[in-house]
A.B. asks: 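Can you read through this structure? Questions will come right after.
Whatever order the structure lists them in is the order used to number ligands and atoms, beginning at 1. We count residues from 1, following the sequence as given.
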Amino acid sequence: MSRHRFFVAPDQPLAGETVLDGEEAHHLSTVLRLGPGAAIELLDGQGSVYQGEVLAASRRQVRVRLLEQRWQPPPARRLILAPALLKKKGFDLVLQKATELGVHALLPVLSHRCVAQAKDEVARWPRLVREAAKQCGARYLPELLPPRPLADLAVGRGLGLALHESAGEDLAAFLARSAPPADLLCLVGPEGGWDPEDMGDIRAAGLVPVRLGPRILRAETAALAAAAILQLWLGNLDSGAV
Ligand code: SAH
């Protein structure tokens, strides 16, 4: 049975009874008009899903009795999608759809040709990610990392790919000759592509340039196509995955 889902705030108790407030309370009581007795699902974004029953609901606060809990361990392999900042519409799409695809983290990257987003738009990102996760019943909420300049991108112990429309190797060929790692970062360029300095930063970060076929894709298409392909490769689109 599909039930309405809500996220519990990290500071709320997760045994016996809990409280929803802010947007979640508003959504439950005002938008969906649910009240005492309603059966809901609560997610903690950390692998747990609780069956819950609404005890009392007002516009500002909802009290919920927590019933059965199920926990799923985190995925063994993690994709960090690192898209360069895009204009609002394209970037919102990337955040929402990458969340639906179950990426582990989203790392906005500042490259030379990307347009900076206004502060209030950046402040909307956590809500966009939460809503997308809620809508698709994600057990894990992607981590939204603070924007980082391309020059400071270090891959650490994992593997890093950089999408480039004129890279010497196709992504398919690269995947065919590689074993899926535990940590994978995928960098995607902005609307205007990479400039020569960015290419220097990409090399310095040890990222492998790969190409997604002969067509020049819009940045958001490239990001989401790569996210889907890589999630499949990592096993995160299997039915047993979280
Ligand atoms: N510099 C180009 C294209 C930019 S496309 C121009 O302005 O004409 C935006 C981003 O999408 C690129 O930086 C790259 O990361 C990704 N991208 C688009 N098409 C791609 C392809 N065929 N293969 C790999 N990456 C691609």
A.B. asks: Just to verify, which of R70, R139, Q69 counts as forming a side chain to side chain donor-acceptor pair (under 3.5 Å) with S48?
C.D. replies: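 The passing option is Q69.
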
A.B. asks: Closer than 4.0 angstrom, basic N to acidic O: yes or no for R218 and E191?
C.D. replies: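 Result for this pair is no, no salt bridge flagged.
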
A.B. asks: Please give the N or O to N or O pairs under 3.5 Å between ligand 1 and the protein, distances rounded to 0.1 Å.
C.D. replies:
{"from": "ligand 1", "atom 1": "1 (N)", "to": "E165", "atom 2": "OE2", "distance (Å)": "3.1"}
{"from": "ligand 1", "atom 1": "15 (O)", "to": "L163", "atom 2": "O", "distance (Å)": "2.8"}
{"from": "ligand 1", "atom 1": "15 (O)", "to": "G189", "atom 2": "N", "distance (Å)": "2.8"}
{"from": "ligand 1", "atom 1": "19 (N)", "to": "L217", "atom 2": "N", "distance (Å)": "2.9"}
{"from": "ligand 1", "atom 1": "22 (N)", "to": "L212", "atom 2": "O", "distance (Å)": "3.4"}
{"from": "ligand 1", "atom 1": "22 (N)", "to": "G213", "atom 2": "O", "distance (Å)": "3.1"}
{"from": "ligand 1", "atom 1": "22 (N)", "to": "R215", "atom 2": "O", "distance (Å)": "2.7"}
{"from": "ligand 1", "atom 1": "23 (N)", "to": "L212", "atom 2": "N", "distance (Å)": "2.7"}
{"from": "ligand 1", "atom 1": "25 (N)", "to": "H164", "atom 2": "N", "distance (Å)": "3.4"}

A.B. asks: Does the distance from a Lys or Arg side-chain N to an Asp or Glu carboxylate O, for E169 and R211, drop under 4.0 Å?
C.D. replies: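 Salt bridge absent between E169 and R211.
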
A.B. asks: Do NZ/NE/NH1/NH2 and the carboxylate oxygens of R130 and E23 come within less than 4.0 Å?
C.D. replies: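 Counted as a salt bridge, because a side-chain N and a carboxylate O are separated by less than 4.0 Å.
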
A.B. asks: Are any of the side-chain nitrogens in R113 or D195 under 4.0 Å away from the carboxylate oxygens of its partner?
C.D. replies: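 So R113 does not pair with D195 through a salt bridge.
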
A.B. asks: Flag the pair E41 and R3 as a salt bridge only when some basic side-chain nitrogen lies within less than 4.0 angstrom of an acidic carboxylate oxygen.
C.D. replies: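 Result for this pair is no, no salt bridge flagged.
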
